[in-house]
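Right, one structure below, let's go through it.
Start at 1 and go down the list; that is how both ligands and their atoms are numbered.
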Amino acid sequence: EKGGWDSFMDKEIHEDPAAVSNTLLGRYDESGDLDLDEVHIDEEVFRQIDKIIVVACGTASYAGLVAKYAIEHWVRIPVEVELAHEFRYRDPILTPRTLVVAISQSGETMDTLMALRHAREQGSRVLAICNTQGSTIPRESDAVLYTHAGPEVAVASTKAFLAQIVAAYLLGLYLAQVKGTMYRDEIHQTIDSLKAMPAKIQKVLDGQAEVISQTAERMSKARSFLFLGRHVGYPVALEGALKLKEIAYIFTEGFAAGELKHGPIALVEPGEPVVVIVPSARGRNVLHDKVISAIEEVKARGAFTIVVAEEGDPDADRYADVVFWRPPCPTLLSPLVDVVPLQLFALDMARLKGLDVDKPRNLAKSVTVE
Ligand code: M6R
């Protein structure tokens with residue numbers, strides 16, 4: 001079943017491009033307009049939505065965090081992202097105009113299920129973004145938008161993360177379409193950019209594997225890693241940290257790069273590996289320069305910097321010890337390429353330690369207890 005791959009995780013990372021293209025398939029018409037009839041929620045109901053709350057756990061919650069940046073930008077309504085287990089036990093403000101989006105690969109995560117039940121009891125609509133047909137979470141939701149990543153077997157979620165981002169983006173673009181918050185052209189262009197992503201992801205898989213495994217070998221004795229990112233790079237940093245933690249058993253922490261000076265920089269000592277997700281330098285992106293200066297800050301304290309950057313970024317080349325390159329793409333879509341080298345890196349680190357990458361200790365593929 002592994003189709004020639006050493007592990008399911010390896011196979012599933014290599015299915016990242018297909019997860020994106022299959023999740024896009026059939027969700028727009030010839031003109032490029034979004035078509036989400038399958039969701040069976042009236043357009044008028046969508047038009048009335050004035051707030052989104054994403055509830056999810058682990059990797060799925062990081063997909064939600066990525067989507068927050070895009071949906072708030074496109075639709076101009078607030079998007080809160082909350083860990084399902086925290087959401088359930090406070091007193092969240094829910095109204096019939098709140099759309100709760102439950103993201104889950106398995107569709108069986110008890111924490112997420114309890115959160116969605118609570119939201120429905122309070123009179124909010126719940127839309128599930130789920131990878132498993134007929135599982136409990138979509139069955140108990142008002143509507144479902146399936147991610148078509150195909151079955152994910154490895155405990156560490158990889159291709160499902162990309163598919164979740166794509167599905168949440170489709171939802172955001174659809175809301176923008178019905179609410180009229182984006183020009184049609186802009187929506188069409190974004191769909192075109194999404195359609196171009198699988199080839200870019202493939203380029204990372206093909207072109208960066210070697211430098212990634214060499215870097216893993218160099219880092220095989222490292223006891224901890226810090227991950228930094230800003231804007232959509234922040235959830236990517238959290239996800240990169242989670243991957244390495246759960247399958248290679250290395251202490252990792254993901255931070256928003258702006259937080260560095262508010263505490264985490266105290267952890268940086270000579271040789272400490274720091275992974276940084278660098279935004280595109282195009283369009284005089286101020287965030288790019290801020291992230292580059294974060295690299296300089298940690299380097300000045302002796303950190304070993306591993307950077308994910310856009311091809312041709314001269315600053316990344318100048319300041320990083322190692323660069324994992326990714327093709328250019330619009331900023332909001334960059335998590336779809338930026339996370340890929342981090343998935344491969346975690347896999348290589350775990351392999352070098354001789355670990356069972358598909359079944360890390362103490363973890364289950366779906367967590368069906370609260
Ligand atoms: O099946 P779900 O998407 O609801 O699972 C949520 C988390 O348990 C899951 O993403 C977990 O964090 C993974 N082990 C991450 O790789």
(message) The test is side-chain contact (heavy atoms from CB on, under 4.5 Å); show your working for I77 and K51 and say whether it passes.
(response) CA-CA 6 Å; I77 58 173; K51 184 170 82 171; 5.9 Å; no
(message) Looking only at protein heavy atoms, which one is nearest to atom 9 (C) of ligand 1, and what is the separation?
(response) T59 N, 4.2 Å
(request) Please write down residue, atom name and distance for the protein heavy atom closest to atom 1 (O) of ligand 1. (result) S106 OG, 2.6 Å
(request) Could you tell me if any non-hydrogen atom of K243 lies under 4.0 Å from any atom of ligand 1? (result) yes
(request) First locate atom CG of L175, then atom CG of L170, and finally report the distance between them rounded to the nearest 0.5 Å. (result) 11.0 Å
(message) Using a 4.0 Å cut-off to any heavy atom of A156, which atoms of ligand 1 qualify?
(response) 16 (O)
(request) Report the member of V155, T132, T147 with the shortest heavy-atom distance to atom 13 (C) of ligand 1. (result) V155
(request) Please report which non-hydrogen protein atom sits nearest to atom 8 (O) of ligand 1, along with the residue it belongs to and the distance in Å to one decimal place. (result) V367 CG2, 4.3 Å
(request) State whether E15 and K159 are salt-bridged, where the test is any N-O pair (Lys NZ or Arg NE/NH1/NH2 against Asp/Glu carboxylate O) under 4.0 Å. (result) yes
(message) Quick check on T112 - does any of its heavy atoms sit under 4.0 Å from an atom of ligand 1?
(response) no
(request) State the CD1-NE2 distance between I191 and H188, to the nearest 0.5 angstrom. (result) 8.0 Å
(message) How far is atom 3 (O) of ligand 1 from the closest protein heavy atom, and which atom is that?
(response) Q105 N, 2.6 Å
(request) Could you check which of T109, T368, I103 puts a non-hydrogen atom nearest to atom 2 (P) of ligand 1? (result) T109
(message) Whether the side chain of N22 engages the backbone of A18 through a donor-acceptor N/O pair (distance < 3.5 Å, no angle test) should be reported.
(response) yes
(message) If the contact criterion is a heavy-atom separation under 4.0 Å, does C57 count as touching ligand 1?
(response) yes
(message) For E246, which part has a heavy atom under 4.0 Å from ligand 1: side chain, backbone, both, or neither?
(response) side chain
(request) Please round to the nearest 0.5 Å and tell me the distance separating atom CD of Q164 and atom CG of L145. (result) 11.5 Å
(message) Just to verify, which of F345, Y249, F304 counts as forming a ring pair (Phe, Tyr, Trp, His ring centres under 6.0 Å) with F225?
(response) F345
(request) Run the salt-bridge test on R301 and E297 with the 4.0 Å N-O cut-off and return the result as yes or no. (result) yes
